[in-house]
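Before any comments, here is the structure.
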Amino acid sequence: MRRRSVSLLGLAGLLVLPLTSIPQAQAQAPAQPRAQERGEAAAAADSLVSAGKPVTASSVEGTGFEAGRAVDGNTATRWASLEGVDPQWVRIDLGAAHTVSRVKLNWEAAYGKAYRIQTSADGTSWTDVYATTTGDGGVDDLTVSGSGRYLRMHGTSRGTPYGYSLWEFEVYGAPSGGGVPGGPAVPFGSHLKPYAAGTLKPSGAQAVLDQKVVEYYNKWKAAFVRQNCGNGWYQIISPDADHPYVAEAQGYGMVVTATMAGADPDAKKIFDGLVKWKIDHPSSVNPNLLAAEQDVACKSVNGGDGATDGDMDVAYGLLLADKQWGSAGTYNYKDLALKHIAAIKKDELNPTTKLLKLGDWSSSGDQYYYISRTSDWMVDHFRAFRTASGDTTWDAVRSAHQTQISRLQSTYASGTGLLPDFVVDTNTTPKPAPGQVLEDPNDGAYWWNACRTPWRIADDAVTSGDATSLAAARKLNSWIKTKTGGDPNKIAIGYKLNGTQISAGSEAAFFAPFAVAAMTDPGSQAWLDALWNKMLTTPVDTSSYFSASIQLQVMITASGNHWVP
């Protein structure tokens, strides 16, 4: 995609917003007394099943009061919601269907006077298993009878002027077997796809890391997810791009929403709206690809052709969706993905060099045919395409791109490992662009496209353990850590390949990707923690889908939630 103008990071943050409006419970359960004595048989059957599980909440009062602290087994830490706001909820994902026989709420001074305990199979439809309007705080040890994968406390009336706050939220029960009909197969926070051995993650409890991602996702969603122009569409708005809607943003949205399934009950609905947008805005060159740009009226403009970066993520997002929800619903995700992958191969891949072209609009004989954008070189996507399609061409494509990454680093950036935005002469001796070849005089530098490459390269390194990707990521990590003296605030906006700074300032699109590279180096825990903390203190820039979407996806990976379908 043609890159946006530079937008320095905004300073104003957004309040944490609920992931979804609170749905009405399917059934009303009568209020039950607090359990004081429990039968021996019931006690014997109980097992604590909530400890350390992924937790999300409608809001968080602030840093230090994240939802995950309610299941960390520490009665000195707590979850707290925003003060003075009803309703609020905190939800535990048990990871699979469970029968539930007991729930224990250890309230802080800010307690719920009226609240419900609810279970759900899919995180969307809820059934009450307990309800009260006379809560008085302290410890509520409740005997319940229900089942589901998800369980939440849904507070409707506070007992104090403050919020809702729990030292601990304990659920007792047992797995009931079987899957969750219609639920995601790899819900956010389940960590069912472990990373390569030796991969780092930021310090801290896993549940806290996950909650931080959910909080940032909430704000990103509020800022950029839209339902404009009707027609059943969802789209990601791009205020910092050449047009209100660009394929790159829609690709990001599809990957993000499929990955956040399980944390956002609306994930599938949003994803399907993005799929409808893709289907209804076909490329004018290959209708199985997505037109790159749309105007305020949601009409494709500027030729209506495709852009490789957006198409790569669209195909990858469809593969994620197929694994999450299957392909027997409204849309056959797998079929759409395979058609999209085949179209990328036909019209966005140079058959001679096996390197990606800029888009389906470039053809043999034009001046762009042997130019490639390094930020499109998504190695984990190539692996996913090979697995889904069975086409060995994608093995050759992956190898060709990894070879060029290594060669460009050693030949043109031996001291830094930085890649240029664009590579020219890919049919002879590939080299950094000598100047402006498509977007900017810095087309041959580490600029607004290549800033994503540490994330893209390291995404493959942490998920596959591939030696070539690891070496490339570690080279980048070693240089930037030394260059900045371990201070993420010193990561500049752009560099020449020799490491000379181009522009001052701080931008998430430039500092966040280095966090994934840091994950590949066992000696970089303190550096990774510094980068993570930098992200936590950086509010969503609502004027830049680009920076915000990159930081969100980096946080997904850093927290251990990125996976390859």
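The closest donor-acceptor contact from the side chain of Ser410 to the backbone of Arg407 lies under 3.5 Å. Remark: side-chain polar atoms of Ser238 are paired, donor with acceptor, to backbone N or O of Pro244 under 3.5 angstrom. Under a 3.5 Å cut-off, the side chain of Gln551 and the backbone N or O of Ser547 do not form any donor-acceptor pair. Without hydrogens or angle criteria, Thr520 side chain to Val516 main chain gives no donor-acceptor distance under 3.5 Å. A distance-only check finds no donor-acceptor pair linking the side chain of Ser375 to the backbone of Ala450 [under 3.5 Å]. Here the side chain of His401 pairs no donor or acceptor atom with the backbone of Val379 at under 3.5 angstrom. Side chain of Tyr195 to main chain of Thr557: a donor-acceptor pair is present (N/O by atom type, distance under 3.5 Å, no hydrogens or angles). The backbone N or O of Thr411 lies less than 3.5 Å from no partner atom in the side chain of Ser414, so there is not a single donor-acceptor pair. No donor-acceptor pair under 3.5 Å is formed between the side chain of Glu61 and the backbone N or O of Leu82. Not a single donor-acceptor pair under 3.5 Å links the side chain of Asp93 to the backbone N or O of Pro54.
A distance of 5.0 Å separates OG of Ser372 from CH2 of Trp377, quoted to the nearest 0.5 Å. The structure places OG of Ser544 at 5.5 Å from CD of Glu507, a figure rounded to the nearest 0.5 Å. Note that OH of Tyr216 and CD of Gln211 are 15.5 Å apart. Values are rounded to the nearest 0.5 Å. Rounding to the nearest 0.5 Å gives a distance of 14.0 Å between CD1 of Ile550 and CE of Met555. For the atom pair CD1 (Ile480) and CG (Leu476), the distance works out to 9.0 Å, reported to the nearest 0.5 Å. In this structure, Ser503 OG and Trp448 CH2 are separated by 8.5 Å, a value rounded to the nearest 0.5 Å.
For the pair His340 and Leu289, the minimum side-chain heavy-atom distance is below 4.5 Å. Side-chain contact between Met254 and Ile236 is absent, with no heavy-atom pair separated by less than 4.5 Å. No side-chain heavy atom of Thr374 sits under 4.5 Å from any side-chain heavy atom of Arg452. Between Phe188 and Val213, the closest side-chain pair of non-hydrogen atoms falls below 4.5 Å. Looking at Gln250 and Tyr245, their side chains come closer than 4.5 Å, going by heavy atoms from C-beta outward. Here the side chains of Asn427 and Tyr369 are not in contact, with every heavy-atom distance at 4.5 Å or above. Residues Val540 and Tyr217 fail the side-chain proximity criterion, which asks for heavy atoms closer than 4.5 Å. Using a 4.5 Å heavy-atom threshold, the side chains of Phe385 and Arg398 count as separate.
Residues meeting the salt bridge (Lys or Arg N to Asp or Glu O under 4.0 Å) test with Arg386, sequence neighbours left out: Asp395. With sequence neighbours left out, Gln436 forms a side chain to side chain donor-acceptor pair (under 3.5 Å) with no residue at all. Under the salt bridge (Lys or Arg N to Asp or Glu O under 4.0 Å) criterion, Glu66 pairs with Arg69, Lys212, sequence neighbours left out. Trp527 meets the side chain to side chain donor-acceptor pair (under 3.5 Å) test with Asn477; sequence neighbours excluded. The side chain to side chain donor-acceptor pair (under 3.5 Å) test applied to Ser362 returns Asp366, not counting sequence neighbours. Residues satisfying the side chain to side chain donor-acceptor pair (under 3.5 Å) test with Asp391, not counting sequence neighbours, are Lys345, Thr393. Legend: residues meeting salt bridge (Lys or Arg N to Asp or Glu O under 4.0 Å) with Asp380, ordered by chain and number and at least two apart, are absent. Applying the side-chain contact (heavy atoms from CB on, under 4.5 Å) test to Ala267 and every residue at least two apart in sequence or in another chain returns Ala261, Asp264, Trp325. Residues passing the salt bridge (Lys or Arg N to Asp or Glu O under 4.0 Å) test with Asp466, sequence neighbours excluded: Arg383.
Paired with Tyr495 under the rule ring pair (Phe, Tyr, Trp, His ring centres under 6.0 Å), one option of Phe510, Trp447, Trp479 passes, and it is Trp479.
Aromatic ring pairs are classed by plane angle as parallel below 30°, tilted from 30° to 60° and perpendicular above 60°; the pair Tyr333 and Phe271 is perpendicular.
Within the structure, salt bridge (Lys or Arg N to Asp or Glu O under 4.0 Å) contacts touching residues 411-436 (residues at least two apart or in different chains) are Asp425-Lys431. Listed by first and then second residue, the salt bridge (Lys or Arg N to Asp or Glu O under 4.0 Å) pairs involving residues 193-211 amount to none (not counting sequence neighbours). Listed by first and then second residue, the salt bridge (Lys or Arg N to Asp or Glu O under 4.0 Å) pairs involving residues 475-490 are Lys481-Asp521 (not counting sequence neighbours).
Taking each heavy atom of Pro194 and Leu192 in turn, the nearest pair found is CD-O, 3.3 Å. A pairwise comparison of heavy atoms in Ile457 and Ala472 identifies CG2-CB, 3.8 Å as the closest pair. Closest approach of Pro430 and Thr426 over heavy atoms only: CG-CA, 3.8 Å. A pairwise comparison of heavy atoms in Ala223 and Thr542 identifies CB-CG2, 3.9 Å as the closest pair.
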Should Asp72 and Thr77 be marked as a side chain to side chain donor-acceptor pair (under 3.5 Å) after you check the CA-CA gap, both sets of side-chain angles, and the distance that decides it? CA-CA 8 Å; Asp72 63 2; Thr77 64; 2.6 Å; yes

Mind running side chain to side chain contact (heavy atoms under 4.5 Å, CB included) on Asn442 and Ile502 for me, showing each step along the way? CA-CA 9 Å; Asn442 287 314; Ile502 295 175; 4.0 Å; yes

Take Asp347 and Asn286 through the side chain to side chain donor-acceptor pair (under 3.5 Å) test and state the conclusion after the steps. CA-CA 7 Å; Asp347 285 312; Asn286 188 319; 2.8 Å; yes

Begin with the C-alpha distance, continue with both residues' side-chain angles, and end with the deciding distance and a verdict on side chain to side chain donor-acceptor pair (under 3.5 Å) for Asn449 and Glu439. CA-CA 10 Å; Asn449 286 286; Glu439 296 179 0; 2.9 Å; yes

Does the side chain to side chain contact (heavy atoms under 4.5 Å, CB included) test come out yes or no for Val564 and Thr387, once each step is laid out? CA-CA 10 Å; Val564 180; Thr387 299; over 6 Å; no

Residue pair Asp313, Arg456: steps toward the salt bridge (Lys or Arg N to Asp or Glu O under 4.0 Å) verdict: CA-CA 12 Å; Asp313 274 335; Arg456 293 300 195 183; 3.0 Å; yes

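The aromatic ring centroids of Tyr545 and Trp220 lie 6.0 Å or more from each other. The distance between the ring centers of Phe224 and Tyr252 does not fall below 6.0 angstrom.
Heavy-atom neighbours of Lys323 NZ from other residues, nucleotides or ligands within 6.0 Å: at or below the threshold of 12.
Using modelled atom types, one finds no donor on one side chain facing an acceptor on the other under 3.5 Å when comparing Gln294 with His281.
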